[in-house]
Protein chains: 2
Amino acid sequence: MLTIGKLGEAAGVKVPTIRYYEQIGLLPEPERSAGNQRLYGAKALDRLAFIRHARDLGFPLEAIRDLLSLSDRPDQSCAAADIIATEQLAAVKARIARLTALKAELERMITQCAQGTIADCRVIEVLSDHALCADDHRAQTGSGAAT
Amino acid sequence: MLTIGKLGEAAGVKVPTIRYYEQIGLLPEPERSAGNQRLYGAKALDRLAFIRHARDLGFPLEAIRDLLSLSDRPDQSCAAADIIATEQLAAVKARIARLTALKAELERMITQCAQGTIADCRVIEVLSDHALCADDHRAQTGSGAAT
DNA sequence: TCTTGAAGCTATAGTTGCTAGAGTCATTAG
DNA sequence: CTAATGACTCTAGCAACTATAGCTTCAAGA
Ligand SMILES: [Zn+2]
Ligand SMILES: [Zn+2]
Ligand SMILES: [Zn+2]
Ligand SMILES: [Zn+2]
């Protein structure tokens, strides 16, 4: 049995994060020691490592919740899991597309600046007027999470 | 003079967002009508449009605050503005790099799945074990904001 | 002029995924 | 036995809004 500190170390997750996951019902309430400290077994470690890995891949916690409950039903079709992953892929692609447009615009404004005074700064000029931009990079309905 | 609704419409910013910007000191407190409603002039519209455009380009509000106060001093060197933009570009590049790694991993797991049961689902398998991943995509110290 | 509906006002809480504190209790190494 | 960790609960804070509640003001039609 592991204490919360050891569990966090083993899974690469900080202790308050584990308690937070428990609070939102992503991890089950563990056993407690005589002194009221949480005690975890191998199953909890697996589950936490799964969560950690899915978070690293950018899945939002709600999606992870669904994936976890799916993985508890091994005989079912995996279509639902694949759909979740596909949606996550789509979200990642959308974010890449948006960021790539931003990158181009930022590079343009930076290279065009002649490094003089603010009055002539291309960065300030472009920020003041979207018509000076090459692409349309307006933010759309952002459904995504993930850093 | 514009009411808050007209201002929001003109700048493409929602009304509560304008009030939020005022609350955090990004927009100055405007005049009020006899009935206590906010009234904005052309200067406020310019400022709000600047904020909106910078937000669209992913600048965090703190950076926008700095850019705005720079743009009020037209005779100064624009080096500080260019540095802010360059930092934003670096943040965007870092996020693209990370997301590109995630995209590859997600595509890999999705295409490898044979669409059977959860017990054999490659998506679930990979999420359970990072050793099955091709790249190291672990999240690093994310300093960024920006959607 | 009255009335209705849209738009404005303030203040508070919720979103996502944690992180940081305060103040207290349990465990363990020397 | 004491001191140093580590764990406990609870609350608040981050970014950048969004949503709700309950009220007042405004503009236009009947
Ligand atoms: Zn410049
Ligand atoms: Zn633009
Ligand atoms: Zn599958
Ligand atoms: Zn991995």
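Bear in mind the structure is a predicted one, so any value in this text is a computation, not a measurement. Chain identifiers are assigned alphabetically (A, B, ...) following the order of the sequence lines, protein sequences preceding nucleic acid strands; residue numbering begins at 1 within each chain.
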query = Using a cut-off of 4.0 Å on non-hydrogen atoms, how would the nucleic acid contact of A:R38 be classed: base, sugar-phosphate, or nothing?
reply =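 The answer is sugar-phosphate, as A:R38 gets under 4.0 Å only of primed atoms, P, OP1 or OP2.
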To the nearest Å, how far apart are [X] [atom1] and [N] [atom2]?
| X | N | atom1 | atom2 | value |
| --- | --- | --- | --- | --- |
| A:D56 | C:dC18 | CG | C1' | 14 Å |
| A:R19 | D:dA12 | CZ | P | 18 Å |
| B:I51 | D:dA16 | CD1 | C1' | 13 Å |
| B:L61 | D:dT18 | CG | P | 11 Å |
| A:I4 | D:dT5 | CD1 | P | 20 Å |
| B:K14 | C:dT15 | NZ | C1' | 13 Å |
| B:R32 | D:dT25 | CZ | P | 13 Å |
| B:Q23 | C:dA13 | CD | P | 13 Å |

ask   = Mapping A:G35 and B:A34 to their closest nucleotides on DNA chain D, which lands nearer the 5' end?
value = A:G35
task = Identify, between B:E62 and A:K6, the residue whose nearest nucleotide on DNA chain D lies closer to the 5' end.
result = A:K6
note = Rounding to 0.5 Å, atoms NZ (B:K103) and CZ (A:R95) come to a distance of 14.5 Å
Between CG on residue A:L127 and SG on residue A:C133, distance to nearest 0.5 Å =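 Separation between the atoms: 8.0 Å.
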ask   = Does B:Y21 make a side-chain N or O approach to OP1 or OP2 of D:dC17 shorter than 4.0 Å?
value =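 Answer yes for this pair, as a side-chain N or O of B:Y21 is under 4.0 Å from OP1 or OP2.
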inquiry  = Is the phosphate of C:dT16 approached by A:R55 (side-chain N or O, under 4.0 Å from OP1 or OP2)?
reply    = no
ask   = Strictly by modelled atom types, are A:H130 and A:D136 linked by a side-chain donor-acceptor pair under 3.5 Å?
value = yes
task = Measure across B:R47 and B:L26 and return the closest heavy-atom pair with its distance rounded to 0.1 Å.
result =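 For B:R47 and B:L26, the tightest heavy-atom pair comes out as NE-O, 3.1 Å.
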key: Most 5' of A:Q37 and A:P16 on DNA chain C, judged by nearest nucleotide   =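 In this pair, the answer is A:P16.
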task = Could you say whether A:S33 or A:T17 is positioned toward the 5' end of DNA chain C, judged by the nucleotide with the nearest heavy atom to each?
result = A:T17
key: salt bridge (Lys or Arg N to Asp or Glu O under 4.0 Å) assessment of B:E22 paired with B:R19   = CA-CA 5 Å; B:E22 178 184 328; B:R19 287 197 276 249; over 6 Å; no
request  = Measure from the side-chain heavy atoms of B:N36 and tell me the nearest of C:dC9, C:dG8, D:dA16.
outcome  =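 For the B:N36 side chain, the nearest candidate turns out to be C:dC9.
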